[in-house]
Each structure stands twice: as C-alpha cells, then as structure tokens.
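In what follows, a structure is listed as structure tokens, so that the remarks can point back to it.
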Amino acid sequence: MKSMGATQDEYYRGVRMVPYDLVKELALALAGVGILAIAVAAVLSSPDVAPITVAAWAQSDPVDFETTATNELAGTTTSAGYGNPYNTNGPGQSWGPIAPQKWFGTRIPIDSGNTFVIQPLQRAAFSNPDLGTALDTWQKASSDQQGKWTAAYSKALTTATVKDGKVTVADGDYGPLAMMMPSLLGVAQTGGLDGLLMVSGRFYQTDYTPALLFMGDGTYLAGQAQQWNLLGNQWGMMNETGRYPGQTWLWLYTMWYQVPPFTSSTGFLGINSSNADLGIILLMTLLTIALALVPLIPGLRDIPRWVPIHRLIWRDYYASRKGGART
Amino acid sequence: MEVRAKMEVAKPASEQPAGWTFRVRQAIDRSLPMDHLLPVRQPYYVGSWIYVFGVVTIAALVWVVVSGVVLAFMGPQWWHDSSLGRFFNSLHFWSVQLFFIFMVLHLWGQYFMAGWRHGRAATWAIGVVIFGVSILTAFTGYLSQQNFDSQFIAVNAKDAMNAVGAGAFFNVLNFGQMYGLHIMLLPIGVTIFVVLHIVMVRARGVVKPIDPEGGARP
C-alpha cells in the first residue's frame, strides 16, 4: 500500500506549485474576522430582552394566571395532558408504530396541579390558617366535586374584572378555590411563586422545568412572544427578539412548519399538524444524512459538474487549459 | 560519525526502535508529514477566493471560543449586568453569526467544486457532522442566554425534543444541563471534528479542478 505522502506527491504531479503561506493566511483571517466581529458587536450590541417572571405574568395578566392555575387543577392544560416525559396523561406524538416519546417513560415527572398549585400553596399556608383549611377541603373532596369547582371558577374567570391587581369573579359555588386562587395570585404577584416553583429540597438549583412548563401553559408568554415574531407560525424558531439575526441556519427546519402536510389536520401518509414535530425531525435527519452522503448519490453529486460555477471558481485554471497550457 | 554508526550496529536487536510508540510515530510520519500538514507550496489554482471561506470559518471559531471562555469565566450575571459583559456577549453572538455565514459559504463552495472527489468523501461527511454539531452547540447557547429568547425557545423546542424521545435525556428546560453542554462537551466536539477535518484536508491536499471529461464521483 502506498503511503499518503507518496499519494499526494503523485496526485499533484505535473501541477504547477506556487509559494503559499498558510500560517500568514490564518493570522490575517484571525485579525480580519476579529476586527469585523468587534466592530459589529460594538455598534449593534446583541439581543437581551429580560426574561419574564411568574410575578410579572401574575401582575400583568392576573386573569390568565388564575385561569391557567385553575386549569392545572382541572388537568386541562398542555403540561397536565402532555404525556411523556412528564406524565402518562397524553399519548404523545407518534407515526404509526414509531412512538419514541413513549419509549423512555416518564423520566421528568411533573404532576401539574400538585407541582404548580397545591405544593406552593401548602408552603404558603403556614401563616394563613384559612388557606390551610381551604387546601384541606380541596384534597378531601371527590374528583367529581373538584371538577365542578374548577369548571365553575374557570367559567367565572371569563367575565372576571381586575382592580388593583386583584381578580373579582361573580358570586358562585367555587368551594375552596375562592380562597386558593386569590392566595396563589397574591403569592405569585409578590414573587414568591418564582421561588416556590424552584423548591427541590436542595440549596442549589439550575433546573427551570416546572416554572417554564407552568408559564408555557398560560397565554401571557406566547402573547409576548407573538409581539417579537417568535411563534412557530411566524418562523419563530429562527427569529430573535429585536432586529437581530437568530438561528438563521434553522431556516429549512423552520420552513417545514409553515407548509403542508405539517400544517394540515388531515395530513399525508399519517403525518399532520398533530405529529409535525416528529415528522419534521425525521425528515431533517434524513436530509442531513443525505447531505453527508452527497458524494455517493448520483445526480446530486453530478450537479456541480453540470452547473458551471466551478468555472468561475477556477477560472484561471480553465483559461490556461483553453490556452493550451498544461497543468 | 563512523564511531556512532558502529555503535548503532553494535546494539542488540532488543534495543532497536520498535514498539507501539514507534509504530504510531511511523504512521504519523507516513500519513501526515510536516510537508503536508504545513506546506509552503500549493497548486496555483488555490489562489481562488473560494478557499478563503474555510480559513475565515476557523478564524471565526477561534473568536467564538475566546469570547466564550471569557463569558464562562466571568459567569452568567456578568453578561447581563455590566457593559463589558454585554460587549463580550455581543462579541460571542456576532462571532457565532460570522462562523455560520462563513461555514455555509464554505459548504456551498465545496459543493460546487465537488470537493469530495478523488478520495475526499469522508472529509465532506465530517464537514457535515461539524455543521450538525455546531447547530446543536448554538442551540444550547441560545438556551443558555438567560433572557426572554431562552425562555421561549425552551418552551417551544421541548415539543420537538420530546416527540423524538430525546427530551427524556436532553431537557431544554434545564438551564444547568444546557449550559454545561454548551460550554464544555459540545465545543469539545466541534473542535475535535474541526481538527479532524483539517487533518484530512491537509493529508490529501486540496482537490483538483473538475475535469470536464471526468465525473464528480468520490
């Protein structure tokens, strides 16, 4: 077997070689790119819109906050009925027998009603006996009774009024919710719920899963995102707040979310809007593998020969060939 | 000199260069001699502007890493609360943007040059792997910014990750996990693949221009 060194020497046999300073080229590139990056960074800065807190949500849209919390108890929010990896309350996405969302089980267990509402209220109830009684009533009630209270309170919230940050609903039979929901709102508005959702029994904490899932269940976060053109149907995955480029390299991935069958409820071959994430990631995985294998795919690998861009790239080479000079 | 030569000859067979170290050294000498790793002469057609995109991609990556190391050293609060921190955050952000712009231009350039010809298919494939790992690295970076973008990207991206089962292990809502991956494992991955890519390019040399009579096969 010939060595690689001999192979390269043979490969370039007859080709005119000229002096070339790779290290100098790299040094100049480092300097040039550095100057460009520093200049753009200094002039244009970068996006850094402050994150939304649960407190800000509860202060800005208390009705949405209480509606979300009530729906958590009713089990009707996105996270409550999500399925794996958070719980088993939903089927998750699948395509025929391909159901990877189920394969690894409930690895990040979240009981939405308990995690986002009951447990924070239990911690807040130590100085409020009335709240403790209300929680006791809630937990001793049948699920049927709980359902009636949440349904009544959710309905009342649709016509609720807000004054000084407090939500007022029409009189009705809301059971302990009449105490629990305003209490949760009060804790949230003071910033207490931001901390309570992070309680894990350990001092240090870097996992924001409960707080983000809870905020994602409401409409406030998505409403803010819509103003920044970040929603999925606004090509949001490749956008960024402000007039900054985002992850523009995700343009193809983002594009699939805008077109059928991924936007269609009927879909094609079992792929539709309800399993679009699964379908699009499978498609992108196939396309990425195809990109890596382009050298082996007839047609795709021949396009560069058919499209004369290489004649522009190596115009000196082809000009010298035309002139009869041999390389 | 004669004396030394005689001494070499006089060595017993057990002292002759041998063993794994010697074989590895021989293999490196064979496959990547210094003449190929850092050549001082190149084919004349390498003067084309297209070859610049590869080196400026590497340069941008260096700036990404340098600005990232400063950010990692100073910690998350710094890049929000101080003007110098915000500047380094911006430098990191724009270095990443430049890195991707140059990398995509390099990719398209190599495509239209059919850069995989004459035994270079693996070099092309490793380049695609770099592109993929870079996207994952940038994605975890967006999740680690600790601003509104991070929040909303996390809340939305979880569905795609969960749908393919990855969310069970790769929790985009977990800042600690995303930050660790972003500043440690994934940059190491990108760097290793980039080094491998460069070594492969240097070992074989740049590909010849497309021969009108030839094909574009590997």
Side-chain angles (χ1 to χ4, degrees), chain A residues 3-5 8 11-12 15-20 22 25-26 29-30 33-34 37-38 40-41 45-52 85 93 100-101 103-104 107-108 206-209 212 216 225 230 232 240-241 245 247 249 277-278 281 288 291-292 295 301-302 304-305 309-310 313-314 316-317, chain B residues 30-31 33 36 38 40-46 48 50 55-56 59-60 62-63 87 89-91 93-95 97-98 100 111-114 116 121 124-125 128 132 135 138 142 147-149 151-152 154-156 159-160 162-165 167-168 171 173-176 203 205 209-210 216 218:
Chain A
S3 73
M4 189 69 74
Q8 196 175 127
Y11 186 70
Y12 291 132
V15 176
R16 182 159 57 89
M17 305 295 276
V18 294
Y20 202 94
L22 282 175
E25 185 183 52
L26 178 62
L30 275 171
V33 172
I38 289 169
V40 178
S45 188
S46 55
D48 197 27
V49 173
I52 287 176
Q93 296 188 29
Q101 194 163 347
W103 294 346
F104 305 108
R107 283 183 54 92
I108 309 168
T206 57
D207 184 0
Y208 293 80
T209 301
L212 285 171
L230 296 180
E240 177 116 50
T241 49
Q247 299 178 82
W249 41 90
D277 291 312
L278 177 60
I281 291 205
T288 305
L291 182 62
R301 70 182 178 195
D302 297 313
R305 191 159 49 88
I309 292 179
H310 60 274
I313 293 170
W314 288 308
D316 291 345
Y317 170 83
Chain B
R30 241 192 346 259
S31 59
H36 293 178
L38 287 175
V40 292
R41 296 173 75 80
Q42 287 283 283
Y44 74 98
Y45 49 79
V46 174
S48 172
I50 199 79
V55 72
V56 290
V62 170
W63 282 101
F87 168 73
N89 186 54
S90 304
L91 181 58
F93 174 86
W94 287 107
S95 301
Q97 295 289 339
L98 291 173
F100 272 96
Y111 178 75
F112 284 108
M113 293 154 78
W116 53 77
W124 167 272
V128 175
I135 286 175
Y142 274 83
N147 57 21
F148 179 71
D149 283 295
Q151 282 183 310
F152 196 68
V155 169
N156 271 277
D159 297 330
N162 292 335
V164 291
N171 181 8
L173 306 172
N174 185 337
F175 166 77
I210 293 175

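Computed from a predicted structure; not experimentally measured. By convention in this document, chain letters (A, B, ...) are assigned in the order of the sequence lines, proteins followed by strands, and residues within each chain are numbered from 1.
- Residues B:Trp116 and A:Pro304 form a side-chain contact, since some pair of their non-hydrogen atoms from C-beta on lies under 4.5 Å apart.
- The distance from atom CZ of A:Arg16 to atom CZ of B:Arg41, rounded to the nearest 0.5 Å, is 10.0 Å.
- Put simply, of B:Tyr45, B:Phe152, B:Phe100, B:Phe175, the one with the most heavy-atom pairs under 4.5 Å next to chain A is B:Phe100.
- Residues A:Arg107 and B:Ala168 share a closest heavy-atom pair of NE-O, 2.9 Å.
- Most heavy-atom pairs under 4.5 Å with chain A: of the set B:Trp124, B:Trp63, B:Tyr142, this distinction falls to B:Tyr142.
- Per-residue heavy-atom pair counts under 4.5 Å with chain B were compared for A:Leu26, A:Leu291, A:Asp316, and the maximum is reached by A:Leu291.
- Across B:Ser95, B:Ala160, B:Gly167, B:Gly176, the residue that shares the most heavy-atom pairs under 4.5 angstrom with chain A is B:Ala160.
- At a 4.5 Å heavy-atom cutoff, the contact between B:Phe93 and chain A is made by side-chain atoms alone.
- Taking A:Phe104, A:Trp103, A:Tyr20 one by one and counting their heavy-atom pairs under 4.5 Å with chain B, the maximum is reached by A:Tyr20.
- The candidate from B:Asn147, B:Asn171, B:Leu38 with the greatest count of non-hydrogen atom pairs under 4.5 Å with chain A is B:Asn147.
- Closest of all the heavy-atom pairs between A:Ala50 and B:Phe148 is O-CB, 3.6 Å.
- When the candidates B:Val128, B:Val56, B:Val55, B:Asn162 are compared by the number of heavy-atom contacts under 4.5 Å with chain A, B:Asn162 comes out ahead.
- A pairwise comparison of heavy atoms in B:Phe112 and B:Ile210 identifies O-CD1, 3.9 Å as the closest pair.
- Residues A:Trp249 and B:Ala138 approach most closely at CZ2-CB, 3.7 Å, considering heavy atoms.
- Between chain B and the options A:Ile309, A:Thr288, A:Ile313, A:Leu22, heavy-atom pairs under 4.5 Å are most frequent for A:Ile313.
- With chain A as the partner, the residue from B:Ala60, B:Ala59, B:Gly132, B:Ala125 showing the most heavy-atom pairs under 4.5 Å is B:Ala59.
- No side-chain donor-acceptor contact under 3.5 Å links B:Gln151 and A:Tyr208.
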query = When you look at B:Asn174 and A:Thr209, which way does the side chain to side chain donor-acceptor pair (under 3.5 Å) test go after all the steps?
reply = CA-CA 6 Å; B:Asn174 185 337; A:Thr209 301; 5.6 Å; no
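- Chain B forms the most heavy-atom pairs under 4.5 Å with one residue out of A:Ile108, A:Ile281, A:Ile52, and that residue is A:Ile52.
- Within the 4.5 angstrom heavy-atom criterion, only side-chain atoms of B:Ala154, from C-beta onward, approach chain A.
- For a residue to count as touching a neighbouring chain, one of its non-hydrogen atoms must lie under 4.5 Å from one of that chain's; by this rule B:Ile50 touches chain A with the side chain only.
- Using a distance-only test at 3.5 Å, with no hydrogens or angles considered, no donor-acceptor pair links the side chain of A:Gln93 to the main chain of B:Ala163.
- Comparing A:Pro100, A:Ala37, A:Pro19 by heavy-atom pairs within less than 4.5 Å of chain B, the highest count is held by A:Pro100.
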